[in-house]
Every structure is written in structure tokens, then in C-alpha cells.
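Here is how names work: the chains are called A, B, and so on, in the same order as the sequence lines, proteins then strands, and each is numbered from 1.
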Amino acid sequence: MRSIVRVVTTVTRVSIVEDEALMRGMLEEALASHEGVRVVHSVPGVQEARLVITPGSCDVAVLDVNLPDGNGVSLGLQLQRADPRLAIMLLSSEDVMGLFTTVQDQVSKPWSYLSKRSSFARDVLVRAVTATAQGQVVLDPYLVQRSSPRAKTAVAELTPAQFQVLRLVAEGWSNQGVAEQLGINERSVESHLQSIYQRLQIGGEGHNRRVAAVLAFLEQTGRSWRG
Amino acid sequence: MAGLIRQRSLSEHGRVALVFAVVNVALFAILDLSQWMGWGGLAAAKSKGVLGVVSEGLVLTSVNLVFGLLVIGGAFLFRVLSRPWATRLVAVAGLSAVFAMPRVLALLEIGTTPTGSLFGLVEGAVGIAAGTVAVGMALFAADLIEQARTEAQRREEEQARAARAVDELQAEEMRIRRMVSDQLHGTLQYRLVTVTAALDQLASDLAGGKETAVADIRRWAEALEEIRETEVRSLSHAVFPAGLEIGAVEAIELMLRRLPTAIATSVELGPRYRSHIAEEQGAALLPVTERLVAVYAVEEAVTNALKHGRARTVRVRAEAYPRQEPGHWVFEVTVDDDGSGPPDPVPPFHGLDRHRSRIESRGGVLELTTNPDGGGRLHFTLPFRREDDTTAAERPGR
């Protein structure tokens, strides 16, 4: 009995808005394969999304940025205005990860971003969706790994070790996850984070600082591509 | 140029008025001649002889013509056409009154006209009225013709402007088509061919059991990713920049984020633009055409700053504010860099000129100057009609 209650309370309800049928099918299948995630809506466009995604009907909306009848950013803003507890994860095939920095200051819950390329990896997709539902900002791991600090920013002042920790936090890893990835202990991760908050001049407490650090990473890094 | 056009139109306006006035005066003289016959001018033939009557008729006509021409001459000397209607009428009536006096005296000298103070008074009044009406009507007719001419000219200019805009649009479309096609046929095809060849090679290696094949596959997957993010993206950028469906500032931000990380970048929004974003969640402020114009102009400024000015910092400031007319707004952008700044005088940059003419044809202004720190500063204003009826989410995005 206890286990049933636990499962019911931790299931993450997901809505998918994606116009390409193959991609939508892939997302549904990947998410449905995880027992902690349930896909409640899966629609191809803005109009359908507005009809079915009613306040309280889901925890995370996974929105394609380019939709045939509009765009995921405006749709996300509208959905979140109607339901401030709704978490949003944007999905895009080209790198538009900088797109929602202007959005972040006006939303009730910070958004996450995943490239379609990364979303093909089931574990990455599920981890991103569940972390986003819990209020974390998750940035696309592939793009995060390609990111480097932009000149004259606070992030550029971080030590390589601190930058590496911040990268993994931006990918949505917990402290334990970061520690495992880097082969260090959790306490070192925590101490790195304290230094990062200090260098990036992030005040406040706990969870919000983590989100602020990820947003600073998003704003103060860039990716270059060989031409 | 505007002064020349004005002068020419004034002289034409004047010529029309002059012709009408002279015709009116001639008509008056003929009418007065028939009036003179009514007074008994012809009946005097018995006593004065035919020659005498004819010469008196000619004298009368000449007096009227001279009177009319004097009024016309006076009116033109006074530059009556460039004055408002009240002044025109007062001036013409005044001139008619001044020249009516000698006319009456001359008429009284002609033997075959009636005599007496009543005749003098009535002829005086007729002279004032005739002069005023003849010249006044001529001015009125000339004004009407001038109005029609100006209107036709305005319409012609408007049509020419519209035609120029269409030409410009077609030229721009051709430019983009050529660019997209060059890139499709050139670099993109070449790079894809390279990947295909490499994959072929890899397939043979795999068949031969080569150990590094996995690493090679990853490397080529990465190469494909690069092609997508560079070649394919630059093509789609030329047609429709990423983020443009969300808003001008978002597209500008995305563009700056693509710059090498050695370049420091920032986008600052003015208070009005900020409050718009906060209030109208998700609805774009500028119509999509103006967004395109603004984003490409900023891109040109940034490219020039990095390429010619060797800048390391690019700072974009954007603000939008309403104009007096309801629904009419202006988008104002300043792009500052820390490069060497534009040469003095600013040479005609081909690319920038294209953006300037595009902005000017929309009633805006674009200027390239040096900022107080010595770097380049591109500043432009772009008028637009606010997009209030549609929300960004309802417009086609791709």
C-alpha cells in the first residue's frame, strides 16, 4: 500500500507539443518507457495544445520551438500564465538555447532546454524531464559541453574545475551526480558550488541559487562552430 | 531640388493665371463695346461718319484693354499668386479701384459715351467689379488647375516610390536566392559529399574489422552536426533568422550568441521595451517585416565592427516608443563597439547603404558615427505600426 502511494505521488505528467509525427512518436515512446513518467497529452500544434493543456492537467510541457501555427516560446508563456506551477522544457533541432534568456525573467518557473539530438538519448530525456518537473533548469548536455565562457563575464573568471562543476549542474545533475561524473566526493562539489556562487555574486539560499547559477551559465557562455 | 520644382510650378501657375486674366479682360472689353453700341455709339455715325465711330469704338476698346492689363500687371507685380485669398481679393479690388478712375475719365472724353456724374459713378463701379472679377476668376481657375496638377504629380511620385519599393524587394529576393543557391551548390554539397565518401570508407573498414571504426563514426556524426549548425543554419538564417518569430530582440540576442566567445556582447533593453515584454507575454511588438529589417541592420553593424574595426566588445541597446498617432511606434537601436571606428569621412559601405535605403524607405534614419570611446556606433530608428491584433503564438513560425 505504501509503495502504491509513493508511485502515484512521484509520477511526472508530461504533455508533448511537436509537429513532426516521427519525433512526437519517439518522444512518447521514450517517456512512456519510464515508470515515473506518464504522457498525458501529445499534440502537433499550438491550437491543439491550448485546448488540451488545461491548468493542473500536467506537470511538464515539452514544447518544440518551431511549430506550424506558432512558436513554443509564446505558447510556453501563455500556458505558464494560466498555470504558474507548470514546468516548461523547450525542444529545438538547431541551437537556439540563447532564445529564452529574455524569457527567464518573466516566468513563474524557469525553463529547460533540450536539443532534439540529445532527446534521442532516453536517459538524457527522462532525466531532463523529471529534473525540470522538480523545478530545476536543465540545459542541453551536448550544447553545454560545447560551451565556453564569453569574454569579460563572471563565468570566464571561474577556475577550470569550477567551470566543469557548473557545466554538470547546468546539465541537470544533482550534487551526487556531479560527484560521480567527476570522480570526486559530494562535499568537494558543495565547496566548488559555494565558490561559484561567490564568484558569480549569487546571494540567497539553496535551490534558487542553483537555478541562478545555471542561468548565469546560459547567459555568459557561447558556442562556436567551425565554419 | 525642391526649390526648383516650386519655382517652376509657380511660373506655370502664373502663366495659366495670366492667360485666363487676359482672356477675361478681352471679353470685358468686347462686352463693353456692345454696351457702347447700346448707348448709341453706332447712332452717332450720322454725325461723325463711319470712320469716326469706328475709331471711337477702337479707342473705347483700347481704354478697357489698357485698364485690364494695368490691373493684371499690378496684381502680378504684387505677387498676388503667392498670397492668401483675402489679400488677393483686397489687392485686386484695390488695383481695380485705382485704375477705374483714369478709365472713367478716358471714357468721358469719348464723345459717343454718355456724360454726367451718374454715368461716371456707375462706370467707376463697373470698372472695379470687372477688374476684380476678371483677375479674381483667373486666379481661381489657375488655382484649380494647379491643384489638379499637384495632385497628379503627387500620385505619380507615389507610384514611382511604390515601383522603387517593388524593384528593391525583387532585387533583395534575387540576392538571397543567389546566395542560398551558391551555398547549396557550393560548400554544402561539397561537405556532404565528403561525409558520404568518409562513411563509404568507414563501411569498408568495418567490413575489414578496423578497431578505430567506432571513434570514426562519432567523428563523422560530429561533422554532420557541424554542417547542420553552420551551412544549413546560415542558409535558413539568410531566409529567416532564428528567433525572429519570437521577436526582434530575441533574434538579435541569438545572433550575438553565435559570435566567437572572445567577443564580449550585451543587449540592453530600454524601459519601455522591457515593460512591453512584461505586459504582453509572448506577443511581439514589431511586425515581422520590420523585425527582419532591424535584425539584418544590426547584423551588418556587428559584422563591420568585427571585420573592419577589429572590435572585441559589441553592445546593443534597443528601445521602442510610441509616436503621437495612435498605434504608430518607433524602434530605436544603437550598436556600439570598441573597435577602431569608421574612417572619417565614412566611405560608402555597400552593405550598409542597402540597409540604410531599406530603413529610409520605411521613414526611418540610419547613421554610422564614432562613439565617445572611439569605436563605431550604428544608430537607427525604424517606424512601425504596433502588432496588437495577433499574438506571436498564432502566426506561422517557419
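At least one donor-acceptor pair closer than 3.5 Å links the side chain of A:Arg150 to the backbone N or O of B:Pro260. In this structure, the side chain of B:Glu229 engages the main chain of A:Asp95 through a donor-acceptor pair within 3.5 Å.
For B:Thr265, the parts lying under 4.5 angstrom from a heavy atom of chain A are both the backbone and the side chain. Heavy atoms of B:Leu259 lying under 4.5 Å from chain A belong to its backbone as well as its side chain. At a 4.5 Å heavy-atom cutoff, the contact between B:Arg228 and chain A is made by side-chain atoms alone. For A:Ser147, no part lies under 4.5 angstrom from a heavy atom of chain B.
Atom CZ of B:Arg272 is surrounded by 12 or fewer heavy atoms from other residues, nucleotides or ligands within 6.0 Å. Shown here is B:Arg175, whose CZ atom has more than 12 heavy atoms of other residues, nucleotides or ligands within 6.0 Å. Within a 6.0 Å radius of CG in A:Leu51, more than 12 heavy atoms belonging to other residues, nucleotides or ligands are found. Annotation for B:Arg219: atom CZ counts as buried by contact number, over 12 foreign heavy atoms lying within 6.0 Å.
Between B:Glu245 and A:Asn66, the closest heavy-atom pair is OE2-OD1, 2.9 Å. Nearest heavy-atom pair across A:Arg146 and B:Glu226 is NH2-OE2, 3.1 Å. Smallest separation of non-hydrogen atoms from B:Ala242 and A:Val96: CB-CG1, 3.9 Å. Summarising the geometry of A:Ala151 relative to B:Ala264, their closest heavy-atom pair is O-CB, 3.4 Å, with the distance given to 0.1 Å.
With respect to chain B, the highest number of heavy-atom pairs below 4.5 Å among A:Gly76, A:Gly72, A:Ser93 belongs to A:Ser93.
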